[in-house]
Amino acid sequence: MSAAACISSFPPPPMAAAAAPAPETTIDVFVVANHTPVTAAADKSSCEGDVVAGGGRTVRRPRAVARTLECERRVVGEGFAVRRGIGRKELESLDPFISLDEFEFSPPAGFHDHPHRGFENVTYMLEGGFSYHDFSGHKGTINTGDVQWMTAGRGVVHAEMPGGHGVQRGINLWINLSSKDKMVEPRYQELASHDIPAAERDGVSVKVIAGEALGARSPLQTRTPALCLDVAMRPGARLRAPVPPGWSACAYVIDGEAVFGDGEADEAAAAGAHTCVVFGGGGDGVAARATERAAARFLLVAARPHGEAVVKDGPFVMNTREEVEQARDDYRNRRNGFEMAAGWSSDHAAAAAAH
C-alpha cells in the first residue's frame, strides 16, 4: 500500500475515559522471536483466576504507556484518506517500524507502478480489498481479513488498486530490514482470513498474523522477528501479552475503547478508536482491557529493533543517503534488482491507458 510515500514520490493516476473495574479473568499470550515454542510453566505470582495460555509466561510487570497519539483522518488526493500512527512529526519512527497507517481508498484512487527497496510492507484488510500486480507476474486480490506480508528486499516494482467499488479500508505497516537483509530477494507471503490462526478465551479473541498467541502460531516467516495480533475484546475482558525485552511495541485501536498499561498504577491510559498507543521499554509485556461499557478491537505489534541509521526517501528505506541514491539509480537504469521492470507495466496501468 505504501500510503503517503508512494503518493509523494509516485502520484496515482487521475483516475479520555476513566478506567473500569478490573474483571476476574486475564488471558496471557506469548510470542517467540524465532518461532520456537516455549514450555508452559505455572506462575504463582499471577493474580488469582489468571489463565496462562499459548505455552507462554505470565506478565508480572506490564509496560507503561509512553504516549498516545490520536490519528486524525487526512485526505490525500481524490479517493484516498489516511490516519497515520507512526511516520508523523510526533513519532517519526519506532525502530524497526517506519510507518503505521489506517487507510481508506476507492476508485479513482490507486497506486500505479512504483518501486520499493529495503523494508517489509504489510497490508491487512479491514474492509473490502485491494488488487496488486508486480513485475515478476505476481498478482491477485486480498480481501477483508486477509494479509499480505511483502519483503521488498533488493527491489520490487508493483501496482496496487482498489479491489472493488466503494471504500476499501485496511492497515499498512512498513517494517525496516536490517542492513544485512536489505538486498535479499523479494518475497510475498499471503494468508486468507480463514487461514490466519485464531484463538478465543474468556471474551478475548486473537488472530495471529505474526508470532504466537493463545497456542495459535502464524506460519508467516518474518525477516525481522515480530509480533502482530488482531485482538477483539468483549466489554470488561482482559489481556496480558508478553513481549520480549528490548522489543518496540505499540497498539492501534481500530474500534471501541481499551485501557492499556497497569490499571493499578498511574501508567495506564484509555484509548479510543483511531489512537496509536506507544509502550515504554520496561516491563515484560503489555496489559490491556476493554472498558465495561464497550467492546474493543486493536492491532498489537511488536518487533526487535535494529539500532541502525535509517534514511527514508519515498519508496526506499536504506541506511545511508548514498544507498538511497543508488536505489534510485538502479531503478532508473533497471539493474541490481530492478531488471524485470524493463519494458514492464502492470495490468492496472494498461487498463488506465486504455481509458
Side-chain angles (χ1 to χ4, degrees), residues 1-15 76-80 82 99 101 103-175 184-193 195 220 314-317 327-328 330-355:
M1 184 57 52
S2 316
C6 289
I7 293 174
S8 61
S9 295
F10 300 89
M15 16 181 306
V76 187
E78 183 181 3
F80 189 83
V82 64
S99 67
D101 294 332
F103 64 87
E104 304 169 16
F105 76 147
S106 58
F111 300 92
H112 67 146
D113 304 358
H114 62 278
H116 288 302
R117 175 181 282 179
F119 64 99
E120 294 189 287
N121 182 23
V122 182
T123 303
Y124 181 53
M125 293 305 299
L126 301 176
E127 178 184 356
F130 88 92
S131 298
Y132 54 89
H133 183 197
D134 87 342
F135 67 174
S136 70
H138 187 75
K139 60 183 177 179
T141 300
I142 64 170
N143 297 296
T144 302
D146 300 347
V147 64
Q148 181 185 84
W149 198 292
M150 182 191 80
T151 303
R154 66 199 305 258
V156 161
V157 180
H158 68 172
E160 299 153 300
M161 305 296 286
H165 299 291
V167 174
Q168 324 296 305
R169 188 167 69 101
I171 292 178
N172 180 250
L173 186 66
W174 283 20
I175 305 175
V184 298
E185 291 297 321
R187 182 183 186 188
Y188 285 89
Q189 298 178 85
E190 292 157 3
L191 288 176
S193 179
D195 291 326
L220 292 182
F316 306 118
V317 182
R328 288 192 175 277
D330 287 342
Y331 174 60
R332 283 193 299 265
N333 292 287
R334 306 299 196 252
R335 65 188 181 195
N336 200 21
F338 294 111
E339 292 85 352
M340 286 186 292
W344 176 84
S345 63
S346 69
D347 291 347
H348 309 298
H355 288 84

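Computation of the quantities below employed the complete heavy-atom set of this structure, encompassing side-chain atoms and omitting hydrogens, waters and symmetry-equivalent molecules.
Across Gly337 and Arg154, no two heavy atoms sit closer than the pair CA-NH1, 3.4 Å. Residues Ser99 and Leu173 approach most closely at O-CD1, 3.3 Å, considering heavy atoms. Residues Ala152 and Gly118 approach most closely at CB-N, 4.4 Å, considering heavy atoms. The two residues Gly166 and Pro107 have their closest heavy-atom pair at O-CD, 4.0 Å. Between Pro115 and Pro315, the shortest heavy-atom distance links the atoms O-CB, 2.8 Å. Nearest approach of Gly155 to Pro186, heavy atoms of both residues: O-CG, 3.0 Å.
Between Asp134 and Lys139 there is no salt bridge, since none of the side-chain N atoms of the basic residue sits less than 4.0 Å from a carboxylate O of the acidic one. Using a cutoff of 4.0 Å between basic side-chain nitrogens and carboxylate oxygens, Arg117 and Asp330 are scored as salt-bridged.
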Decide ring-ring contact (aromatic ring centres under 6.0 Å, His included) for His133 and Trp344; before the verdict, give the C-alpha distance in whole Å, the side-chain angles of both, and the deciding distance to 0.1 Å.
CA-CA 11 Å; His133 183 197; Trp344 176 84; 5.4 Å; yes
For Ser345 and Asp113, run side-chain hydrogen bond (donor to acceptor under 3.5 Å, both in side chains): C-alpha distance rounded to whole Å, both residues' side-chain angles, the deciding distance at 0.1 Å, then the answer.
CA-CA 7 Å; Ser345 63; Asp113 304 358; 5.0 Å; no
From CA spacing to verdict: side-chain contact (heavy atoms from CB on, under 4.5 Å), Thr144, Leu126
CA-CA 5 Å; Thr144 302; Leu126 301 176; over 6 Å; no
Show, in sequence, the C-alpha distance, side-chain angles and deciding distance for Arg187 and Met150, and conclude whether the side-chain contact (heavy atoms from CB on, under 4.5 Å) test is met.
CA-CA 6 Å; Arg187 182 183 186 188; Met150 182 191 80; over 6 Å; no
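Looking at heavy atoms from C-beta onward, Ile175 lies out of side-chain contact with Phe119 at the 4.5 angstrom threshold. The side-chain heavy atoms of Val147 and Ile142, taken from C-beta on, include no pair separated by under 4.5 Å. Using a 4.5 Å heavy-atom threshold, the side chains of Ser106 and Glu78 count as separate.
In this structure, Asn172 contributes its side chain and Asp101 its backbone to no donor-acceptor pair below 3.5 Å. Within the 3.5 Å criterion, the main-chain N or O of Val156 finds no donor-acceptor partner in the side chain of His116.
Side chains of Gln148 and Thr123: no donor on one and acceptor on the other come within 3.5 Å. Asp146 and Ser193 form no side-chain donor-acceptor contact under 3.5 Å, judged by distance and modelled atom types alone. A donor-acceptor pair shorter than 3.5 Å can be found between the side chains of Glu120 and Trp149.
Evaluated for a side chain to side chain contact (heavy atoms under 4.5 Å, CB included) with Gln168, the options Met125, Glu127, Met161 yield exactly one hit, Met125.
Arg334 forms a cation-pi arrangement with Tyr331, by the criterion of a distance under 6.0 Å to the ring centre and an angle within 45° of the ring axis.
Classification of the Phe130-Tyr132 ring pair by plane angle, with boundaries at 30° and 60°, yields tilted.
His114 has its ring centre no less than 6.0 Å from the ring centre of His112. Less than 6.0 angstrom separates the ring centroid of Tyr188 from the ring centroid of His138.
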